[in-house]
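Below is one structure, written out as structure tokens; the observations come after it.
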Amino acid sequence: MNERIAAVEIVDLSFSYPDGHPALRQVHLTVAPGERVALVGPNGAGKSTLLLQLNGILRGQGHVRIHGLEVAEENIRRIRALVGLVFQDPDDQLFSPTVYEDVAFGPIYMGLPLPEIQERVQRSLAQVGMADYAQRTPHHLSVGEKKRVALATVLSMDATVLALDEPSAGLDPRARGRLIRLLKTLPQTLLVSSHDLHLVEALCPRMVIMQDGRIVADGDSARMLHDEELLARHCLSEDSCE
Amino acid sequence: MHANFIDPFHARDSLLHHVDPRVKLVLAVAFILTTALLPPAAWPGYILVFALILAVAIASALGPFFAIKRAFLVLPFVLAALPVLFTTPGEPWLHVPLGRWALTITAAGLARFASIALKSWLSMQAGILLAASTPFPQLLMAMRALRVPRLLVGVFGLMWRYLFVLADEALRLMRAREARSAALAGAGGSSVLWRAKVTGYMAGSLFLRGYERSERIYDAMLARGYDGEVRTLPLPPMARSDKAALLVGLAIVGSILALEIWVG
Amino acid sequence: MHIAPSTFGGAIEPAMHIPDGFMSPAVSIILWIAAIAGVGYALWRVNRELDERKMPLMGVLAAAIFAGQMLNFAVTGGTSGHLMGAALATILLGPWASIVVMTAVVSIQALLFQDGGLLALGANLVNMALVGSFVSYAVYRIMQRLVGTRRWGALVSGFVAAWLSIVAAALFVGLQLALSGTSPASLALPAMGGIHLLIGLGEGLITVGALALIAATRPDLLGATGGARGGSNRGVVLAGLAIALLLAVISPIASGNPDGLEWVAEQLNFLDAAQDPAYNLVPDYVFPGVANEKAATIAAGVLGVLIVFGVALFSGRLGRRKDAVG
């Protein structure tokens, strides 16, 4: 990929749900290749909706480009291979009877030949430390294990942009630490929606605050996370916005 | 609380567990068909069939009584076959006086009843051993090999995957109901109608949760390139030993049938 | 522990899933053919409607019905009501998707929990997936004509559809047992019908509870017509009606006048006996020394013991070898 083309480029994106409720308003966001960006904001701010726009599950007015490629019907297969979306609840993400079949799902639908599918499944599972679990069924896994397999399901597609929705939700501190260390090893561009400010600080140098469907702040995480007044203003501290 | 106990698969490192699922599924059905085709009161045949299923049970390393015990679950249904005791023509074997009435059990009726109960008990053991020695994803593979439509196999797979998730939710709902009805014990307002309504609400909320989950799953599938077509990995080739096992198994059940029919 | 969903709580359950051994092979195979044709057609219809969303929806709702069957409520004296689900699935998804959903539920119950046999699966699919969905759909549509499609109408229609779907499926079980010569029609039909007139009330009540909740929280799922999507399925209404009428006519005749059905049963049993020509091919003395039945039984016993010991020895040795290697 050309380094000068942004990994994610969102221009003037607005979106309303069918019931008329506006979820995104004139969002602008540019993410460079390899950058790790946190999306932070109160519930209902539009974080998950924004992630769903990245590979065209939802489509609004405006432009979304992935490595310069417009998210549109004619590009949708390539876009979905480029953007790996990991849902908040791994029970939604892992819908196959075995771990192996789930990690193979993306490559199968990309139309890859069998040996390459097998190679990718093994590599992705090894990358998240779940190589021994291939024949297990997802319901026999712990939440932390499910989250790692969920990540493998998009790594096997060789996605270059990973969009993770609340990756640390429901994890105990040990599993969370392990997940953060794993995510830090990934070379991909990361967009992480999270309420977990510790994860944001440990993983993402850049942070974007959303509120009411808008991006209201964008900058250096280390600085913004210690700006109590900023966090309170955007309902990110415990007694704000009461 | 986890509904994992629903899964009937028992992991063992046994001969039976290593047999190809396609072979096991076909042989289980062949076994049940053979048992069904044995005529009533074909005792030698029943003995051979029992020996066969006992041998399979031993080869499963699940313990010889594993399937035998579980197959007694079929007993309640045997009630449905009770009438043959009295309706089968033949020599009277036992008179049961009931006031002004008398029921006559015939010897032939008894033999027929015992045959039905035995066949049912034997067939069920085959199903139990199949489910206990084969992880369900492998059974799905066997169904694909037997040309079950792909959409149906896909629905089976999703159902099995989410059975545990929704069963967990059902267990939570039931626990919540118990917690609340304990609090209401003094009120005494729990009529059958009320209980039915509460159960209906719980069923409805399971349905709603399932519906909403299916929408999220659909998004997750789309995100990884799903286009409405059901695609899967190709079937793995069958080992020569498994092909041999299939032939031997079919030969055994076939010869039991033939033997019984010739001798009987 | 082995727990099938319908054995939760250890209560007496409706005898709806026929195990293997109770039906003659001829009846089982005829019903398998009927099931394959019916389910195959339903799959084709679902596929033709071209909604990609259908597969996850059907899979998860099948799981929801299965989980819903774990919820039972005490009626009285050790009996309990619980859900079959065909009516609920039909009202929410329409008849074709409901057939697919019920096929998944019934097949997995048979495969994993031996709740119903494998050879008997064809019959169980006919009773619960096909008859259950068809009758539910026909009754629901006709009831809506009578009581309207508003909330009240949907609930009343749902109750009657669920109730009658259980009764119809149970009468089919009775008919199949009678045709197999397992239970005389004069007994099986009134017994199955009578018990399930009562049990079906439970199904009706649970279905109404579920519909009431859905109508209150997600009325869009019931749609403008109050459920049972795909309003133009006149064929299904007719099929469901035909099944109901057939049962209404046959059941009293068959139970009052059992000779007719028994005659059919005899014909079918004759078919079973006649289908294997080996019966007549080989005279009595093929196995010299195994001339009479007692001797044959003893021989079978000896052979059986040999088989069991052989396998025990073989797997024992295999286990040891593995130990030695590991």
Side-chain angles (χ1 to χ4, degrees), chain B residues 8 15 29 32-33 36-37 43-44 47-48 51 54-55 58-59 70 74 77 80-81 83 87 116 119-120 123-124 127-128 131 139 149 151-152 154-156 158-159 162-163 166-167 170 174 192 195-197 199-208 210 213-214 217-218 228 258 261-263, chain C residues 2 15 19-22 25 43 47 52-53 55-64 66-68 70-71 73 75 83 100 104 108 112 114 117-119 177 182-184 187 202 205-206 208-210 213-214 217-218 276 278-279 282 286-287 290 296-297 300-301 304 307-308 311-312 315 318:
Chain B
L15 200 59
V29 172
I32 293 168
L33 188 63
L37 282 171
W43 310 118
I47 290 175
L48 286 179
L54 196 59
I58 290 168
R70 285 167 173 76
V74 83
F77 204 91
T87 57
I116 291 174
K119 281 179 171 193
S120 184
S123 306
M124 196 159 175
I128 290 167
L139 278 179
L151 175 63
L152 199 56
V155 171
F156 284 3
L158 281 159
M159 173 182 173
Y162 287 100
L163 202 133
L166 285 163
M174 278 196 281
V192 173
R195 286 199 295 271
K197 199 180 104 178
T199 310
Y201 272 17
M202 296 199 306
S205 89
L206 276 179
F207 235 86
L208 284 177
R213 191 178 282 282
S214 82
I217 294 165
Y218 176 67
I261 287 163
W262 283 338
V263 176
Chain C
H2 176 86
D20 283 322
F22 288 81
L43 280 168
N47 249 334
E52 302 162 5
R53 223 166 260 271
M55 188 172 80
L57 181 62
M58 290 189 298
V60 180
L61 288 192
F66 182 93
M70 290 165 69
L71 314 166
F73 65 98
V75 178
L83 187 71
V100 177
I108 287 187
L112 290 188
Q114 291 74 50
L118 289 181
L119 196 56
L177 292 178
T182 305
S183 213
L187 220 88
L205 289 172
I206 298 179
V208 167
L213 184 80
I214 293 166
T217 44
R218 286 286 301 268
D276 208 318
Y279 267 118
V282 190
V286 165
F287 289 103
V290 194
T297 309
I307 293 177
V308 172
V311 171
S315 22
L318 198 86

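Letters A, B, ... are given to chains in the order of the sequence lines, protein chains preceding strands, and every chain is numbered from 1.
Looking only at heavy-atom pairs under 4.5 Å with chain C, the residue among B:Ala131, B:Ala36, B:Ser120, B:Ala51 that has the most is B:Ser120. By number of non-hydrogen pairs under 4.5 angstrom with chain C, the leading residue of B:Leu54, B:Ile32, B:Ile217, B:Leu139 is B:Ile32. Ranked by heavy-atom pairs under 4.5 Å with chain C, the first of B:Ala167, B:Gly204, B:Gly210 is B:Gly204. Per-residue heavy-atom pair counts under 4.5 Å with chain B were compared for C:Val208, C:Ile108, C:Leu119, C:Leu177, and the maximum is reached by C:Ile108.
No side-chain donor-acceptor contact under 3.5 Å links C:Gln114 to the backbone of B:Met124. In this structure, the side chain of B:Ser123 engages the main chain of B:Lys119 through a donor-acceptor pair within 3.5 Å. In this structure a side-chain-to-backbone donor-acceptor pair under 3.5 Å is present from C:Thr182 to C:Phe22. Of the possible polar contacts, none joining the C:Ser183 side chain to the B:Ala81 backbone as a donor-acceptor pair under 3.5 Å is found.
Residues B:Leu166 and C:Val60 form a side-chain contact, since some pair of their non-hydrogen atoms from C-beta on lies under 4.5 Å apart.
When heavy atoms are compared at a cutoff of 4.5 Å, B:Leu152 approaches chain C by way of both its backbone and its side chain. For a residue to count as touching a neighbouring chain, one of its non-hydrogen atoms must lie under 4.5 Å from one of that chain's; by this rule C:Leu57 touches chain B with backbone and side chain alike.
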